[in-house]
Number of protein chains: 2
Amino acid sequence: MIEKDPPESVSEATTHRLSLLLRSLRVLDGEKVGTISSQQLAERFGLNSAQIRKDLAQFGEFGVRGVGYHVPELKARLKSVMGLDRVRNVWVVGAGNLGQALADSKNFNSEGFRVVALFDSDRRKVGARSRTGVPLRDVATLKEWAAKEKAEIGVLAVPADAVASVALLLRDAGVRAILNFAPITLAPLPDVVVKNVDLTLFLENLSFQLAKSDAGTRPKGG
Amino acid sequence: MIEKDPPESVSEATTHRLSLLLRSLRVLDGEKVGTISSQQLAERFGLNSAQIRKDLAQFGEFGVRGVGYHVPELKARLKSVMGLDRVRNVWVVGAGNLGQALADSKNFNSEGFRVVALFDSDRRKVGARSRTGVPLRDVATLKEWAAKEKAEIGVLAVPADAVASVALLLRDAGVRAILNFAPITLAPLPDVVVKNVDLTLFLENLSFQLAKSDAGTRPKGG
DNA sequence: TGCTGTGAAACCGTTCACAGCT
DNA sequence: AGCTGTGAACGGTTTCACAGCA
């Protein structure tokens with residue numbers, strides 16, 4: 001099992017598929033499956049076997065020819081490659097419905113991540129705790145907390161017009177990656193990894209596809 | 001201004017960019033900007049001018065040579081292309097924190113979409129209303145409601161193990177598009193548009209990029 | 001002149017198909 | 001024999017650069 005240095009750049013598509021692959025491996029591991037081939041993986045989870053092998057090839061050689069992949073081993077390797085072999089603290093800024101839901105969600109408190117605080121500018125919320133006990137702090141004190149409690153990831157669930165300023169605040173507080181849920185594109189900041197997730201866009205995507213299928217069944221087009 | 005029939009297939013990337021473009025046009029329209037060139041659009045919103053033109057070209061000719069695009073006109077055309085020129089009813093299944101947050105969010109009740117109901121299997125929740133007044137119903141009654149209140153879009157915010165069965169329920173209730181937020185891939189259903197949005201994956205994406213930059217600054221790799 | 005719309009070129013990601021190892 | 005790892009072929013998307021029109 002040879003390990004490679006990660007390539008200069010890995011495509012978004014590969015990154016996404018590695019997450020899906022890891023999810024699949026967790027399922028298999030839970031079922032005590034010891035070994036699996038890329039073919040079997042593909043069939044079971046709706047993936048593509050050649051693509052699995054190509055994706056993995058970017059990071060090393062993880063399989064055994066004639067046999068396949070050792071599930072626990074590959075799972076551990078993949079977690080390492082993806083930086084999920086340790087826990088990163090997460091700050092959620094914006095304690096509205098979405099911010100609180102994210103802060104409390106299993107998704108954001110699973111292997112690799114732990115939401116340690118919510119921040120909001122509404123003084124009335126400050127001092128309280130979320131349903132699962134995440135402390136709610138004044139966003140004005142964010143920078144002070146940076147010294148006591150290092151958070152590498154910031155999640156933005158604030159109104160669009162607050163995004164730019166809060167992003168700078170987070171960067172100055174040492175946050176190295178920002179996940180922005182506001183419906184505005186946060187431009188890349190130097191030395192900070194930025195990912196924009198506009199939930200509206202997913203709905204619009206569906207709408208667009210519905211519109212296409214509507215057009216396809218109209219008398220004239222059909 | 002010539003209109004084209006939509007092409008057989010439009011890439012995910014184009015779909016995504018059209019949403020971003022529409023968002024930009026909404027901003028410009030709010031500022032009463034009457035006309036704008038692809039170049040100006042690109043500079044202002046971090047897009048690519050050639051790409052804007054290529055994306056639009058798939059659906060017709062919307063600009064004026066030597067001038068650019070008429071903002072209100074293009075915005076209206078784009079909304080039409082994306083099926084956002086009418087309001088679609090949305091059902092949210094799963095009234096946990098995330099489900100309720102989505103049902104109440106501006107994002108899911110903006111131009112083109114209206115959340116008309118939440119469904120849950122927890123009898124204790126049934127009969128109540130969300131903060132913004134969305135009625136909470138028993139998921140067992142979902143099919144009965146289909147006759148009274150047509151919903152084209154279903155949003156899944158249920159546990160992973162409930163996804164497959166609820167998806168079938170929605171399909172049988174006439175829902176034509178499903179947005180799945182559970183951390184499991186919902187396989188495509190015939191005649192239903194499916195979009196999977198696993199929030200965990202966005203965090204893992206950040207983790208992965210952090211891991212890469214960590215590796216890049218390690219003594220040996222640096 | 002200025003900008004769109006668009007062929008052509010460059011680029012990137014996916015799929016194929018097989019050499020090579022177990 | 002079986003399956004990985006990988007060059008090579010393929011297909012799709014992005015970028016370039018300019019013809020054509022206002």
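Below, read A as the first sequence line, B as the second, and so on, with proteins coming before strands; counting in each chain starts at 1.
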Query - Rounded distance (Å) that lies between atom P of C:dA8 and atom CZ of B:R53 - result: 17 Å
Query raised in the report: On a plain distance test, is the side chain of A:R65 in donor-acceptor contact with the base of C:dT22 below 3.5 Å?
Result: no
Requested in this report: Could you check how far CD of B:E12 sits from P of C:dG13, rounded to whole Å?
Outcome: 16 Å
Report task. Taking A:D55 for its side chain and A:T14 for its backbone only, find out whether a donor-acceptor pair lies under 3.5 Å. Result -> no
Requested in this report: Please tell me if the side chains of A:R23 and A:S19 come closer than 4.5 Å, counting only heavy atoms from C-beta onward.
Outcome: no
**Report entry** Ionic contact status for B:E152 with B:R86, cut-off 4.0 Å
**Finding:** yes
Query raised in the report: Does a side-chain N-to-carboxylate-O contact under 4.0 Å join B:E12 and B:K195?
Result: yes
Query raised in the report: Considering heavy-atom distances to DNA chain C, does A:S11 or B:Y69 have its closest nucleotide positioned more toward the 5' end?
Result: B:Y69
Report task. Using modelled atom types only, decide if a donor and an acceptor are shared between the side chain of B:T15 and the backbone of A:N205 within a distance under 3.5 Å. Result -> no
Query raised in the report: Just to confirm, is there a sub-4.0 Å distance from OP1 or OP2 of C:dG13 to any side-chain nitrogen or oxygen of A:R17?
Result: no
Query - Residues B:E61, B:K4: salt bridge by 4.0 Å N-O rule - result: no
Query raised in the report: In whole Å, what is the span from the CD atom of A:E61 to the C1' atom of C:dA19?
Result: 13 Å
**Report entry** Qualifying residue for ring-ring contact (aromatic ring centres under 6.0 Å, His included) with A:W91, from A:F113, A:F108, A:F119
**Finding:** A:F119
Query raised in the report: Taking DNA chain C as the partner, which of residues 27-51 of chain A come within under 4.0 angstrom of it by heavy atom?
Result: A:N48, A:Q51
Distances under 3.5 Å between nitrogen or oxygen atoms of protein and nucleotides 9-11 of chain D:
none

Query raised in the report: Donor-acceptor pair under 3.5 Å: do we get one between A:K54's side chain and the base of C:dT15?
Result: yes
Query - Atom pair distance, as rounded to whole Å: CD in B:Q58 and C1' in C:dG7 - result: 15 Å
Query raised in the report: Is it the case that more than 12 heavy atoms not belonging to B:E8 sit under 6.0 Å from its CD atom?
Result: no
Report task. Write down the distance between CZ (B:F59) and P (C:dT6), rounded to a whole number of angstrom. Result -> 14 Å
Requested in this report: Specify the separation, in whole Å, of atom CG of B:D55 and atom P of D:dT15.
Outcome: 10 Å
Query raised in the report: Just by modelled atom types, is the A:L201 backbone N or O under 3.5 Å from a matching donor or acceptor in the B:H16 side chain?
Result: no
Query raised in the report: Please give, in whole Å, the distance from C:dT6 C1' to B:I52 CD1?
Result: 16 Å
Report summary line: B:R77 atom CZ is separated from C:dG5 atom P, nearest whole Å, by 13 Å
